[in-house]
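Have a look at the structure below before the remarks.
Along the sequence shown, residues are numbered consecutively beginning with 1. The basis for the numbers below is simple: all heavy atoms, side chains too, and nothing from hydrogens, waters or symmetry mates.
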Amino acid sequence: RKLRALRATEMLTAESSYVSLFQWYEPKAAWFEAVHMVRKALLILSTVFLPSTSLEAALSLVINLTFLAILVRTEPLVFYPCSLFPGKNLFLLSEVLIAATTVFG
């Protein structure tokens, strides 16, 4: 509620204490930080509560593949030009690389 109130009054600016949660995301995808948090929570819960390591590995693979698909599909990050790959978003490339590394090891 507090975030909605700040957004409605246009007080959700760089001086806001909530800015670190969404500063790297497009305004239409400020919710993506919640996706990151849910992914991390699911990975932690799967390692703590699942009895089998093979089940844990399978669930971690599904969680990370789902996250990677959502990331590539929505492209939520603010555009920052990449000098190595002209026209590509450096932030998105780094996030995709990190997510792919968690999937493929």
Original post:
Side chains of F32 and H36: closer than 4.5 Å at any heavy-atom pair?
Top reply: yes
**OP:** Please check if L90 and L92 belong to a single hydrophobic cluster, counting links between Ile, Leu, Val, Met, Phe, Trp and Tyr side chain heavy atoms closer than 4.5 Å.
**Re:** yes
Original post:
In chain order, what residues pass the side chain to side chain donor-acceptor pair (under 3.5 Å) check against N89, with sequence neighbours excluded?
Top reply: none
Original post:
Is there a path from L93 to V103 through hydrophobic residues (I, L, V, M, F, W, Y) whose side chains come within less than 4.5 Å of each other?
Top reply: no
**OP:** Enter the distance from L45:CG to K40:NZ here, rounded to the nearest 0.5 Å.
**Re:** 14.0 Å
**OP:** Indicate, with yes or no, if L43 and L55 share a hydrophobic cluster defined by side-chain heavy-atom contacts under 4.5 Å among Ile, Leu, Val, Met, Phe, Trp and Tyr.
**Re:** yes
Can you give the donor-acceptor pairs under 3.5 Å from side chains of residues 65-88 to other protein atoms, not counting sequence neighbours?
unit_1	atom_1	unit_2	atom_2	d
T66	OG1	V62	O	2.7
T74	OG1	I70	O	2.8

**OP:** Working to the nearest 0.5 Å, report the span between CG of L61 and CG of N64.
**Re:** 7.5 Å
Original post:
Does L42 have any side chain to side chain contact (heavy atoms under 4.5 Å, CB included) partners at least two apart in sequence or in another chain, and if so, which?
Top reply: V38, I63
